[in-house]
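Because the structure is predicted, anything quoted here is derived from the model rather than measured. Below, chain A is the first sequence line, B the second, and so on; all start at residue 1.
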There are 4 protein chains.
Amino acid sequence: MPDKKILIIERAVELFAKNGFESTSVQEITSACGISKGAFYLHFKSKESLLFSIFEMFIDRAIKKISNVFELEIAPKDKLELFLCIQFEEIDQYSDFILMLLREQTKPDDRELFVLMQKMDQHLNNALKTLLVEAYGEDINKHVADMTVIIKGIIKGYIELIVLSSQKFDFKKLANFLLPRIDSIVLGLTTPYLEEDSLLTICYKKTT
Amino acid sequence: MPDKKILIIERAVELFAKNGFESTSVQEITSACGISKGAFYLHFKSKESLLFSIFEMFIDRAIKKISNVFELEIAPKDKLELFLCIQFEEIDQYSDFILMLLREQTKPDDRELFVLMQKMDQHLNNALKTLLVEAYGEDINKHVADMTVIIKGIIKGYIELIVLSSQKFDFKKLANFLLPRIDSIVLGLTTPYLEEDSLLTICYKKTT
Amino acid sequence: MPDKKILIIERAVELFAKNGFESTSVQEITSACGISKGAFYLHFKSKESLLFSIFEMFIDRAIKKISNVFELEIAPKDKLELFLCIQFEEIDQYSDFILMLLREQTKPDDRELFVLMQKMDQHLNNALKTLLVEAYGEDINKHVADMTVIIKGIIKGYIELIVLSSQKFDFKKLANFLLPRIDSIVLGLTTPYLEEDSLLTICYKKTT
Amino acid sequence: MPDKKILIIERAVELFAKNGFESTSVQEITSACGISKGAFYLHFKSKESLLFSIFEMFIDRAIKKISNVFELEIAPKDKLELFLCIQFEEIDQYSDFILMLLREQTKPDDRELFVLMQKMDQHLNNALKTLLVEAYGEDINKHVADMTVIIKGIIKGYIELIVLSSQKFDFKKLANFLLPRIDSIVLGLTTPYLEEDSLLTICYKKTT
DNA sequence: AATGAATGAGGTTTCATTCAT
DNA sequence: GATGAATGAAACCTCATTCAT
């Protein structure tokens, strides 16, 4: 990837995060990069395709980081803790942009973005499932959907706090605090609310 | 409130939910209402003030519903369960619009929207705190920040599922399922991660 | 003329004077009158016809005032002095509106307004001519065009000062000061610059 | 200054002169220039800033012309005559636009335009004062305010004639005709009406 | 007579995108 | 590769005028 393209992506991430996708003009991006408006279109077919590229890059990073966790030879619960920690770190770093992604919906024809999002989400879910089974045994399988939703929800809860407040957080300590909470929940589980495979069958709503 | 104004709000909620605030034109809204562009401005000073009105209306509804819970004479844990249930119902009904609110950032000068959001959030936090103390006693106080984040996170987790999937969910059953999970967590609590009053000191980031 | 119509004219004169014709909306006028927008159109065919009415009224006033001067039985030079004085008084009272009339050109199809303006101007010129002949004898006739332009110019010069400054001026004293200046000029006249009837042949430019 | 920008200014001067500022749309200007509406905003931040640019350009021209008079080594009265002549020439060329400037009031926040107008006016007043003192000696000083108002008034009187009629005028001859009139007035002066420095203390009215 | 909701043309401005240089 | 002038569609908003009540 050419330097110029990377430059554009970096500046765009900042601007999209700060002002939102729709409210950031190509002019602003190219000005921030010190290049001409025309140069933008040498690297990206459209403003939307830039968003796609950013998203893609971002997902690649996340997937790579998660893979790293699985390659480590440590105790299952330590892996789970590390997973939580990485989520916090990663999202903290790109929190503004992530918020933007959550906020903006862009055009109705960005089916491709949804595909990417689903791909990313599936990947996260699978990783979490594997970690849960490693940590709590095969019995967790029938609770895996609920536990995924709960854990991801708790992560999001703290992430929102992190994003909205301006303090610095100790993610290692936070992950270490959350693991016993997850333990508690798992221990108390009886009848699941969600079906085991309900997360697989989710179809992201069309936005026509 | 005049019928026409209500009509505009209803249609706008749908359109904003579907396409986002920035991507929905006043033209689209008025077309959907079967009125002229000019008529819009009889009821709202600007497109942004419409967003504000919607938000206001939405918050009023939510606060009223929560108040109703507190007025009931039922067991504390039942109140908590009812609170969860109401959150799911309410948010389910306006899920798309809520997603939009999360997504869009609108203009940098909408300080007023942030004030409303903070007001709403404070209200929710207070309600939850009261319910937790009623249900688990004064000892929960030092864990109240963590428990608030965790419970709101879990709610959000399931809500995202509800919003993104097209299935119907049984909110009563879901609330009934979650209460024991919360019990488990509370029972297992030892040292808090967050300070007791850390939620009060959050200052919503400026978006200059 | 119905009270309501007079009320509208009065308020409109103020608003036009303050903000200009184009920048004053019918809404503003009716609000200032405490009547409905519809009521406006009961009295005036259009916003432009209101301007016409105002103008008409204004000219009637001026012509009447000038007539009064001629009916007085005083020395010719005193008449001239009184004429100057009345010009200052009248224009001072409606200075803002007059400025507006000078400033705004409104639509290209307001031929009628120009006709009125010409009528008014002719009337002033005739009055001035009569006064000059009375005061300086028939010999002034061949200088009457120049003297008209010069006197009206001087009046305008002081009026501009009056309008732009916020001080109060003593118009009687001013007229009394100007009369000797006019005397001086008349005394010094040799060859006219303008032809005697050049003011009659002026055709207000078309503004198509 | 780019050709396109000059083109826009030239056409705009004509259109503003013909129809007024408020009544001339950006669309009309760009159509007259044979460019797109967007192109306009490449050169001017807004329609109002165009007016400002025009005004600025116009004032620069006038000040430069006046400076030229002072640099000439000719008799003081000839300078005064030349000054009058230049005023007529200059204003004749841009008469329509000047009328528009007098007519329109534009927005209440155009303080900057007023500053420019005042600057221009002060410059004219100073030039005239210098010329009067050179031509009539220091004794004229106590009459300088009155003479300024009178001379500018007379200029305006003839200019209005020039602007409104469609004839061509011989400005040299006109200036030559007016100089003796000024002589007459100066000779006859006794007690001034205005204080010596009353023109300096004029504060252009606010247009809130 | 009086209202004021409704209209819709037209205003200024923005901005993604193209293309000759 | 790189530029930036040019485009023109589309955005938000205003306002003179009409008309059912």
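Here B:H43 reaches the OP1 or OP2 of E:dA6: one of its side-chain N or O atoms lies under 4.0 Å away. Look at B:K4 and you'll find a side-chain N or O under 4.0 angstrom from OP1 or OP2 of E:dA6. Contact annotation: D:Y41 side-chain N/O to E:dT14 OP1/OP2 distance is not under 4.0 Å.
Within 4.0 Å (heavy atoms only), B:T30 reaches no atom of the nucleic acid at all. When heavy atoms are screened at a 4.0 angstrom cut-off, A:S49 is found touching no nucleic acid atom at all.
Here E:dA16 is the nucleotide among E:dA2, E:dA16, F:dA6 with the atom lying nearest to any side-chain atom of A:K47. The side chain of D:S36 lies closest to F:dA6 when the candidates are F:dT17, E:dA16, F:dA6. When distances run from any side-chain atom of A:S46 to the nucleotides E:dT17, E:dG11, E:dC15, the shortest one goes to E:dT17. Checking E:dA16, F:dT3, F:dC12 against every side-chain atom of A:A39, the shortest atom distance belongs to F:dT3.
Atom pair C:E22:CD and E:dG11:C1' shows a separation of 12 Å (rounding to whole Å applied). In this structure, A:I35 places its CD1 atom 11 Å from P of F:dG4, rounding to the nearest Å. Note: NZ (C:K5) to P (E:dA2) measures 13 Å, nearest angstrom. One atom, CD of A:E48, and another, P of E:dC15, lie 17 Å apart when rounded to the nearest Å. Nucleotide F:dC12 holds its P atom 14 Å from the CD1 atom of B:I8, rounded to whole Å. Taking atom CZ of residue B:F44 and atom P of nucleotide F:dC12, one finds them 15 Å apart after rounding to whole Å. Between the CZ atom of D:F21 and the C1' atom of E:dT12 there is a distance of 11 Å, rounded to whole Å. Residue A:L42 contributes atom CG, which lies 14 Å from atom P of E:dT17 at whole-angstrom precision.
Using the Watson-Crick or G-U wobble rule with both distances under 3.5 Å, E:dC15 pairs with F:dG8. Pairing of F:dC13, defined by two Watson-Crick or G-U wobble distances under 3.5 Å, is identified with E:dG10. With both pairing distances under 3.5 Å, E:dT21 is matched to F:dA2 as a Watson-Crick or G-U wobble pair.
Residue D:L15 comes nearest to D:I29 through the heavy atom pair CD1-CA, 3.7 Å, listed as atom of the first residue, atom of the second, then distance. In plain terms, the two heavy atoms of C:F44 and C:S53 that are nearest each other are CE2-OG, 3.6 Å.
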Exercise. Under the side chain to side chain contact (heavy atoms under 4.5 Å, CB included) criterion, do C:F58 and C:V13 qualify, and how do the steps go?
Worked result: CA-CA 10 Å; C:F58 182 68; C:V13 165; over 6 Å; no
Problem set entry | Trace of the side chain to side chain contact (heavy atoms under 4.5 Å, CB included) decision for B:E28 with B:N19 | CA-CA 11 Å; B:E28 278 176 278; B:N19 305 323; 3.9 Å; yes
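For E:dT7, the base has no donor-acceptor partner in the side chain of B:K37 [N/O atoms by modelled type, under 3.5 angstrom].
Under the side-chain contact (heavy atoms from CB on, under 4.5 Å) rule, D:H43 has a single partner from D:I6, D:I8, D:L7, D:I9, which is D:I8.
The residue among C:T24 and C:G38 whose nearest nucleotide of DNA chain F lies closer to the 5′ end is C:T24. Nearest-nucleotide mapping onto DNA chain E: of A:V26 and D:E28, the residue sitting toward the 5' end is D:E28.
In this structure, C:K47 satisfies the cation-pi test against C:F21, with its NZ or CZ atom closer than 6.0 Å to the six-membered ring centre and inside 45 degrees of the ring normal.
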